[in-house]
Amino acid sequence: MADEVTFPVEAGHIMLFARAVGDENPIYHDAEYAKTTELGGIIAPPTFERVWAQWDPAYVLRPKPGQPWFGSAAGPTGLPQKGSDDEGDGGGGGRGLHAEQRYVYHRPVLAGETLTARTRPGKTWTKEGKRAGSMTFREQIIEIFDQQNEIVVTATSVSVITSRAVDQ
Amino acid sequence: MALNASAISVGDTYQEVVAENLSRTQLVQYAGASGDYNPIHTDTPFAQEIAGYPSVFAHGMLSMGMTGRMLTNYVGDGRLTAFGVRFTRQVFPGATLTAKATVAAVRQEDGQHFVDLALSTTNQDGQEVCKGDASARIDP
């Protein structure tokens, strides 16, 4: 994962994201309506910020041309089977899960602006769970700035690698 | 339109059904929009044979995004100041999810009004799939 990713906040992308979370609020797709609101234009819905990954050239959860992909193709995975499941950043063997996510919004994210996401590691800890065996938690802090270098969003993400599939 | 501090009290609740019979296609939509193409969310052979799950399951961030839709409908557009959740259970295709906010505090800071909310999103069996809290700047 790149330490710094600069990405455009595009109105079309906001529309697609809002559709994906089932949100038909016109402030996310109707520029004429959005003009009449207190924000004066299209804004991004909460959690949209995570799309920075689309602009990260090294993002591990996106297939890349010419590189093996861990999802299925002819077989159930495109990677050679390995003894160990606990590698990779959320990918390896499907043992990586998202445990927690927290956002602090310093102001709304507006269509048309350009943002820069800066990532740094946080804490790491382990825990024994009844449903998932041993779990390794890893925190990551992503601060998102505008082009005046003012902070817009602080995102704290905790991922977990479980030693086995979580019991249902 | 934003929520009014004068119209709410601690303990008030607001809820919405944010997913009904959640489709695999919506998981594909979310993968494409968000950029998280982890095959565990969209690729059944991988999810079952490699990861050992009964089927694909929703991105945690999709549950959070849908919970966010309830939140912005309640507090108003662009008013959230904080939003955090813990993902406590996986969400499988076919799920019906209800997102609920409970007013934990109504407060003033520097002459502005804020609401603090406790959040709980549950599935059709009443099991919590994400739990968290949020704060928003609201109108007087």
Side-chain angles (χ1 to χ4, degrees), chain A residues 13 16-25 27-28 34 37-39 43 45-48 50-56 59-63 69-72 75-77 79 81 85 90-91 93-110 156 158 164-166 168, chain B residues 1-2 18-20 22 26-40 42-54 57 59-62 64-69 71-73 76-90 92 130 132-136:
Chain A
H13 197 177
L16 297 180
F17 187 92
R19 278 183 185 163
V21 298
D23 198 331
E24 296 186 306
N25 186 332
I27 199 162
Y28 304 134
T37 67
E38 66 182 4
L39 294 148
I43 62 168
T47 76
F48 174 83
R50 62 104 47 244
V51 306
W52 64 269
Q54 296 274 23
W55 281 268
D56 180 356
Y59 192 58
V60 295
L61 296 177
R62 180 179 67 245
W69 173 242
F70 67 102
S72 72
T77 176
L79 295 183
Q81 293 280 322
D85 275 330
R95 291 288 173 272
L97 296 171
H98 199 167
E100 286 180 44
Q101 181 70 40
R102 170 159 293 277
Y103 291 103
V104 174
Y105 294 100
H106 306 278
R107 66 160 173 84
V109 172
L110 312 171
T156 305
V158 178
R164 55 182 165 86
V166 179
Q168 298 303 316
Chain B
M1 268 202 322
V18 292
E20 266 185 287
L22 180 67
Q26 190 169 352
L27 307 191
V28 172
Q29 252 186 313
Y30 188 79
S34 69
D36 179 349
Y37 301 95
N38 188 337
I40 203 149
T42 56
D43 178 341
T44 301
F46 175 85
Q48 293 182 333
E49 295 171 47
I50 302 298
Y53 282 97
F57 55 86
H59 304 72
M61 290 303 294
L62 174 56
M64 187 177 189
M66 294 190 296
T67 301
R69 176 180 125 204
L71 265 180
T72 51
N73 285 345
D77 298 330
R79 294 301 194 101
L80 283 183
T81 56
F83 179 21
V85 300
R86 217 152 49 80
F87 303 107
T88 50
R89 187 169 282 272
Q90 276 137 330
F92 290 95
C130 55
D133 55 83
S135 299

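Computed over heavy atoms, backbone and side chain alike; hydrogens, waters and symmetry mates excluded. Bear in mind the structure is a predicted one, so any value in this text is a computation, not a measurement.
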- Note on the structure: Bottom line for Thr42(B): the part with an atom under 4.5 Å from chain A's heavy atoms is neither

- Task: Against chain A, label Thr72(B) side chain, backbone, both or neither, depending on which of its atoms sit under 4.5 Å from a heavy atom there.
- Result: side chain

Rounded distance (nearest 0.5 Å) linking atom [atom1] of [X] with atom [atom2] of [Y]:
X	Y	atom1	atom2	result
Asp23(A)	Met66(B)	CG	CE	11.5 Å
Phe57(B)	Leu97(A)	CZ	CG	5.0 Å
His98(A)	Cys130(B)	NE2	SG	11.0 Å
Arg69(B)	Glu24(A)	CZ	CD	8.0 Å
Arg62(A)	Asp36(B)	CZ	CG	11.0 Å
Ile27(A)	Asp77(B)	CD1	CG	4.0 Å

- When heavy-atom pairs shorter than 4.5 Å are enumerated against chain B, which of Ala20(A), Pro45(A), Gly71(A) gives the highest number?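 Looking at each option in turn, the highest pair count goes to Ala20(A).
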
- Message: If you count heavy-atom pairs within less than 4.5 Å of chain B, which of Ile43(A), Asn25(A), Thr37(A), Leu110(A) leads?
- Response: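 The option with the most such pairs is Asn25(A).
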
- Message: For the interface with chain A, which of Gln48(B), His59(B), Arg86(B), Glu49(B) has the highest count of heavy-atom pairs at distances below 4.5 Å?
- Response: Arg86(B)

- Task: Could you check which of Ser135(B), Gly65(B), Ser34(B) has the highest count of heavy-atom pairs closer than 4.5 Å to chain A?
- Result: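 That would be Ser34(B).
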
- If you look at every heavy atom in Gly78(B) and Pro108(A), which pair is closest and at what distance? O-CG, 3.5 Å

- Query: Can you find a pair of side-chain heavy atoms, one from Gln168(A) and one from Tyr53(B), that are under 4.5 Å apart?
  - Reply: yes

- Message: Report which part of Arg19(A) has an atom under 4.5 Å of a heavy atom belonging to chain B: side chain, backbone, both, or neither.
- Response: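 Both the backbone and the side chain of Arg19(A) come within 4.5 Å of chain B.
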
- Item | Which atoms of Trp69(A) approach chain B - backbone, side chain, both or neither, heavy atom under 4.5 Å | side chain

- Partners of Ala134(B) by side chain to side chain contact (heavy atoms under 4.5 Å, CB included), sequence neighbours excluded?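 With neighbours one apart ignored, the set is Leu71(B), Leu80(B), Phe83(B), Leu119(B).
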
- Task: Show your working on side-chain contact (heavy atoms from CB on, under 4.5 Å) between Val21(A) and Leu62(B) and close with a plain yes or no.
- Result: CA-CA 6 Å; Val21(A) 298; Leu62(B) 174 56; 4.0 Å; yes

- Quick one: list whatever passes ring pair (Phe, Tyr, Trp, His ring centres under 6.0 Å) with Phe48(A), sequence neighbours left out. His13(A), Phe17(A)

